[in-house]
4 protein chains.
Amino acid sequence: MSGGSNEREGKSDKPDKQRAILDAAFSLFGSKGFYETRIAEVAELAGIAKGTVYLYFRNKEELFLAVSRRDCEQFMTQLAARLKREETPAGKLAAIAEHHLLYYYERKQHTKLFFRAPTNHPELMAFMQQFMEAYTNLVQQVLLDADAAEAQLLSQAYIGMLDRLKMDILFDPAFTEADARHRIAFAADLFLRGAESGKYKH
Amino acid sequence: MSGGSNEREGKSDKPDKQRAILDAAFSLFGSKGFYETRIAEVAELAGIAKGTVYLYFRNKEELFLAVSRRDCEQFMTQLAARLKREETPAGKLAAIAEHHLLYYYERKQHTKLFFRAPTNHPELMAFMQQFMEAYTNLVQQVLLDADAAEAQLLSQAYIGMLDRLKMDILFDPAFTEADARHRIAFAADLFLRGAESGKYKH
Amino acid sequence: MSGGSNEREGKSDKPDKQRAILDAAFSLFGSKGFYETRIAEVAELAGIAKGTVYLYFRNKEELFLAVSRRDCEQFMTQLAARLKREETPAGKLAAIAEHHLLYYYERKQHTKLFFRAPTNHPELMAFMQQFMEAYTNLVQQVLLDADAAEAQLLSQAYIGMLDRLKMDILFDPAFTEADARHRIAFAADLFLRGAESGKYKH
Amino acid sequence: MSGGSNEREGKSDKPDKQRAILDAAFSLFGSKGFYETRIAEVAELAGIAKGTVYLYFRNKEELFLAVSRRDCEQFMTQLAARLKREETPAGKLAAIAEHHLLYYYERKQHTKLFFRAPTNHPELMAFMQQFMEAYTNLVQQVLLDADAAEAQLLSQAYIGMLDRLKMDILFDPAFTEADARHRIAFAADLFLRGAESGKYKH
DNA sequence: GATGAATGAGCATTCATTCAT
DNA sequence: CATGAATGAATGCTCATTCAT
């Protein structure tokens, strides 16, 4: 008998429920931030009971951490995959810009995630730093492959640039995908050629 | 000397106390964020009673707003003053980088301020947006004076770059003023000439 | 006996707990008034935790409203039932007097209830007025059945009379049921025949 | 020199200020009740500083007591004076009704006074009881002068009747003086002749 | 006397977390 | 495993009262 679909509703609900909680938490933490999100709301949105959340996550901080982790990992995994399709450093940098902007554009609704996290939770702080480092390192590697000096600072600068250019997605409801794509091209070009390049002279 | 009724502590302590509260709140909000800061702590650090805080600020949100406002205004005022001393666009851009990095460097302890603010409070959200706009506009003006196209995006990109380059100040306790100055020069140069300029080639 | 899943404490404790809270609140609101009663006291007297009160009632005002509502409804229901046992208008009026005085006599301890309620809460004010109207209407109907003119004013006057005659129950600890019964007869007679009737002439 | 009006603004401001506080407190306690009235509001309405209230009254309860005392005394004094103008018991009873209703009618705005007082303050409770006794005694005396039996109960009943008939003044904004006068006549007649008198038969 | 800034005890309410069912 | 009723620590805010000026 293949599958065994009648043995208590599939092999196990655990992953399903865990995922439902993470999805709900992502949506709520993302749109309202850590402190304004109630565990009860997460449970309701996930379609389970409040207590059940605690079967999967030790506490609110851990849940936030798990949500962040999953999101960051996804961000990084997708980016890594995207980068494999590019060969030139310039192509890779453009791909990074594209990924950074579009990833958030697709998540318009809930992108406050990286903003409001509890400052006390050391594990969480450590994770956020790790993620930033991993992202920075990835960009840095692209630059190192192109034999750039100051690769780390360049990497930080590029990410910062992208992050600010992304900001309007949050605040401007009229922001379109075309706007996003314009900014992608802009960022990649500015980073490589600088503001003094002919492009920005009238 | 006859009279001297305002010799001892100035005519009124009101500004003094208001300032003490703002200072305390700046320090705590800045280091622990809005939600992790207790009004009682602010009062204690300010050396006054809990209730006194409410003589000067309607509630916790208003206090946070006032703190943010004072800090942002100071940032902008000092920056505007600094810019007057520069004549060339390049000089001004360098001054902006210097101001951005050193302003936060001098406030190492409490610069999480712009991070965790309550998402609810509309007045506060509006203010934060206004500040970002004002800062962006100021940089934009420098670029427009230099006849740059896409001045707004350039401005956002530059600020984003600076903001990320500033980040390590927060997390790296060993960050020195020399590090800051190095990043200042780096940012200004990268922004103008781009990563492809000879400088970053090995 | 097999099954018996609802043997121990009934199917659900919810009504029990709700009732326990209402009882505790009735006792405390009744004896100390709205403002002097602490939610913590209500919880303690009900044998539950503070927070539990809020699972059953949105806030202190709602709890007070619920207490008042239950008491008034009980008063009215019992009165209506009592009136059915009487046939003549005079019998009904006597029954009203009896009910009014004895109802409060049995609740000696906590009958300040109708006195101090928050003037703010509009819903509460509206309810109190409604109750007075319902009570007045009921008495009025008895009078209308007896073809009385000015039934509404008569009704108000009668209720007022009873209410004041009840007052000593609150303040005089030595007040006996016999005292109550004397006043009942007195009120009914006075209302019908007036002070000039031979009864009150020496 | 008569008067001496330039010696520091009259002989003394004390009575003036005391009266201003009492007036303000009467108005506020009367319209909002004890608990909803803030000392700061009283001071503001009286045109003085908060602290000054405490130069004249030990605390909030004492102020409430003083306000009640002044009002009750005025009520009793005026009533006593009014009664002197009447000779017959019937005339006196009518005068009592008139005084009770019109006194409150003239104070439409603030007649919640006797309602919400703090239950704890023993002195205040004692005073309220004393006032009720004094009022009852006065009415009782009128009845005793007419050789009535059960004068005390009659007195309580009459007062209760008047008090309820007065109630609509509070709740019905359209209540006119004519309404008041109608009720006055009604109350006096009902009390003397009873509901069974021909008057209330259709 | 008069002021009003300062105080701090006091309380309603919230919500993460637990645990008996 | 799942539930959700119950818990109670934690905190923002109010306001009567005091007292230095």
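Below, chains carry the letters A, B, ... as their sequence lines are ordered, and counting in each starts from 1. Side chains are part of it too, since the values below use all heavy atoms of this structure and drop only hydrogens, waters and symmetry mates.
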Ring geometry between C:F34 and C:F29 (parallel below 30°, tilted from 30 to 60°, perpendicular above 60°): parallel
Salt bridge (Lys or Arg N to Asp or Glu O under 4.0 Å) contacts in which one or both residues fall within residues 55-70 of chain A, not counting sequence neighbours: A:D23-A:R70
Residues that C:F57 engages under side-chain contact (heavy atoms from CB on, under 4.5 Å), provided they are two or more places apart: C:Q18, C:I21, C:L22, C:L63, C:A66
Partner set under side chain to side chain donor-acceptor pair (under 3.5 Å) for B:E41, not counting sequence neighbours: B:K32
Selected nucleotide, minimal atom distance to C:A49 side chain, candidates F:dT7, E:dA2, E:dA6: F:dT7
More than 12 heavy atoms of other groups within 6.0 Å of C:Q74 CD: yes
Pairwise side-chain contact, A:I39 with A:Y54, heavy-atom cut-off 4.5 Å (strictly under): yes
Distance in Å, D:L65 CG paired with D:H121 NE2, rounded so as to fall on 0.5 Å steps: 7.0 Å
Nearest-angstrom distance from the residue atom CG of A:L55 to P of F:dT3: 9 Å
Spacing between D:F57 atom CZ and F:dA16 atom P, to the nearest angstrom: 15 Å
Value in whole Å for how far the P atom of F:dC13 lies from CD of B:E62: 10 Å
Nearest-Å distance for atom pair CG/P, residues D:D16 and E:dA2: 11 Å
Rounded interatomic separation in angstrom, taking CD from A:E41 and C1' from F:dG4: 17 Å
For atom CD of A:E44 and atom P of F:dT3, their distance in whole Å: 13 Å
Atom-to-atom span, CD1 of C:I21 to C1' of F:dA5 - whole angstrom: 11 Å
Distance, rounded to the nearest Å, where C:E36 contributes CD and E:dG10 contributes P: 13 Å
Distance-minimising heavy-atom pair for C:A20 and C:A46: O-CB, 3.7 Å
Base versus backbone protein contacts along nucleotides 13-21 of chain E [heavy-atom cut-off under 4.0 Å; B, S, -]: BBSSBB---
Set of side-chain contact (heavy atoms from CB on, under 4.5 Å) partners for C:T52, sequence neighbours left out: C:K17, C:I48, C:A49, C:L55, C:Y56
Dot-bracket notation for DNA chain F, counting Watson-Crick and G-U pairs under 3.5 Å, with | for partners on another strand: .||||||||||||||||||||
